[in-house]
Amino acid sequence: MEELKKVQERVILFAAQKKNLQEEAAWESLDELEELVNTAGGEVVAKVLQRVDSINPGLYIGSGKVEEIREMAVLHDVTGVISDDELSPVQMRNLSEALGIKVMDRTLVILDIFAQRARSKEGKLQVEMAQLKYQNSRLTGFGAMLSKQGGGIGTRGPGEKKLELDKRHIRTRMELLQAEIDQFEKHRQLLRSRRQKNSTPVVAIVGYTNAGKSTLLNTLADSDIYAADQLFATLDPTTRAVALPSGSEILLTDTVGFIRKLPHHLVKAFYSTLEEAKYADIILHVVDASSEHLATHYEVVHETLKSLGITDIPIITVYNKIDKVNEHYLKDEQSMQHVEISAREKKNLEGLLNILEEMLYEKMKAFKILIPYAQSDLVAFCHAQGERLEEEYLNEGVLLSGYMHSDLFYRIKDYIVD
């Protein structure tokens, strides 16, 4: 945090939008970019939107608008400008030469925040990999700007020391990083296989950034994961055990938040952590019901899940921060199950857990079996794999009833009683 105080980036935000698209959406995106810049430790002094017939392949915006921004930069004594869209290497180089100051884009800001937020070893590796992929495609585009960078947005994190390396060295470093990331992925797969073997239900929390995912996990699991009212407050996935009303347990996993215009290579870099949702039994889609941009948030989340291949897992839409909603809010038309809560105020969390339990037991099958006392190992198996167990000791053996996943019924089918 000391560096954030020492290097206070003053920036101008800019974007180009084709005239046939809605201007309101472009301003919403610029407003969100301002939040990202604030999160990264910068200060926005102005925002500029240009309506164009087509995007300028060399400068992204028109030459007249470039001159206007250059004059604004001098007037406000800014240290850099940031595009709301990802710039090509050529566009970044040309803009840097025309403006004479540091040129960045939304991707670079997000990478900077990720570099600040990553805490686990795997998270730091993923961030560095994403930074190197970004830099590898833009070494020529950065041009003389590399020698001018003295700190601030885009220069933090494990990737900053690689800026001066050529592409060959970067590729070598990426290969080493990938080998380490693959090891973490093998470990993650091992943990998944153990959970599947133990038949512990897994519920993944997904949603737009700052929707309240970590706060919900903290409240349900009585944990102390870092949570704050800011974008990407937490980056590393976290799993905690949570008790359902019946007393049975589930594993609740928090994932990195989604955001509009999240670069494809960032999604790919964090695929191993995001795919926790792919192997979940149920997904909780946490929504900030008080947000003015719900339609966009719904679209981004559904598109991201689709890109991850998550299309057939039951989803519960959790309308969070309901205590901040004073009037009717936009509902997700694709939602089949939903619940209104306030994670911070602990409102209706029991209702959420009841819905979770009902959906989980829809996948389970009721059983009633009589196990001879000589088969004590089967009694232990039922206690490990069954839910809502009731047990009675009879002369003939142990009478057990409860619920179990249907794919495990082969172990008890010979002992079923009417």
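Just so we're clear, the structure is a prediction, and the values are computed from it rather than from any experiment.
The CG atom of Leu217 sits 5.5 Å away from the CG atom of Asp254 when rounded to the nearest 0.5 Å. A distance of 7.5 Å separates CZ of Arg344 from NZ of Lys321, quoted to the nearest 0.5 Å. Taking CD of Glu9 as the start and CG of Asp112 as the end, the distance is 9.0 Å to the nearest 0.5 Å.
Using a 4.0 Å cut-off between charged side-chain N and carboxylate O, Asp31 and Lys47 make a salt bridge. By the 4.0 Å N-to-carboxylate-O rule, Arg10 lies too far from Asp77 to be salt-bridged with it. Between Lys306 and Glu303 there is no salt bridge, since no side-chain nitrogen of the basic residue lies less than 4.0 Å from a carboxylate oxygen of the acidic one. In this structure, Glu32 does not pair ionically with Lys261, as no charged nitrogen and carboxylate oxygen lie closer than 4.0 Å. Lys19 has a carboxylate O that lies under 4.0 Å from a charged side-chain N of Asp53, or vice versa, which qualifies the two as a salt bridge.
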Check against side-chain hydrogen bond (donor to acceptor under 3.5 Å, both in side chains), Glu34 and Asn38: CA-CA 6 Å; Glu34 181 175 8; Asn38 293 336; 4.5 Å; no
side-chain hydrogen bond (donor to acceptor under 3.5 Å, both in side chains) evaluation trace for Asp85 with Ser83: CA-CA 5 Å; Asp85 291 310; Ser83 165; 5.3 Å; no
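Counting only distance, with no hydrogens or angles, the side chain of Tyr60 and the backbone of Ser88 share no donor-acceptor pair below 3.5 Å. Under a 3.5 Å cut-off, the side chain of Asp281 and the backbone N or O of Val203 do not form any donor-acceptor pair.
Screening Asp288, Thr215, Ile341, Leu352 against Asn320 for a side-chain contact (heavy atoms from CB on, under 4.5 Å) leaves a single residue, Ile341. For the pairing with Glu345, the side-chain contact (heavy atoms from CB on, under 4.5 Å) check across Asp323, Ile322, Thr219 returns one residue only, Asp323.
Under the ring-ring contact (aromatic ring centres under 6.0 Å, His included) criterion, His293 pairs with no residue at all, not counting sequence neighbours. With sequence neighbours excluded, the residues forming a ring-ring contact (aromatic ring centres under 6.0 Å, His included) with Tyr329 are Tyr319, listed by chain and number. Residues passing the ring-ring contact (aromatic ring centres under 6.0 Å, His included) test with Tyr415, sequence neighbours excluded: none.
Between Ile412 and Met404, some side-chain heavy-atom pair lies under the 4.5 Å cut-off.
Ring planes of His285 and Tyr298: perpendicular class, angle over 60° (limits at 30 and 60°).
Closest of all the heavy-atom pairs between Ile355 and Ile316 is CG2-CD1, 3.7 Å.
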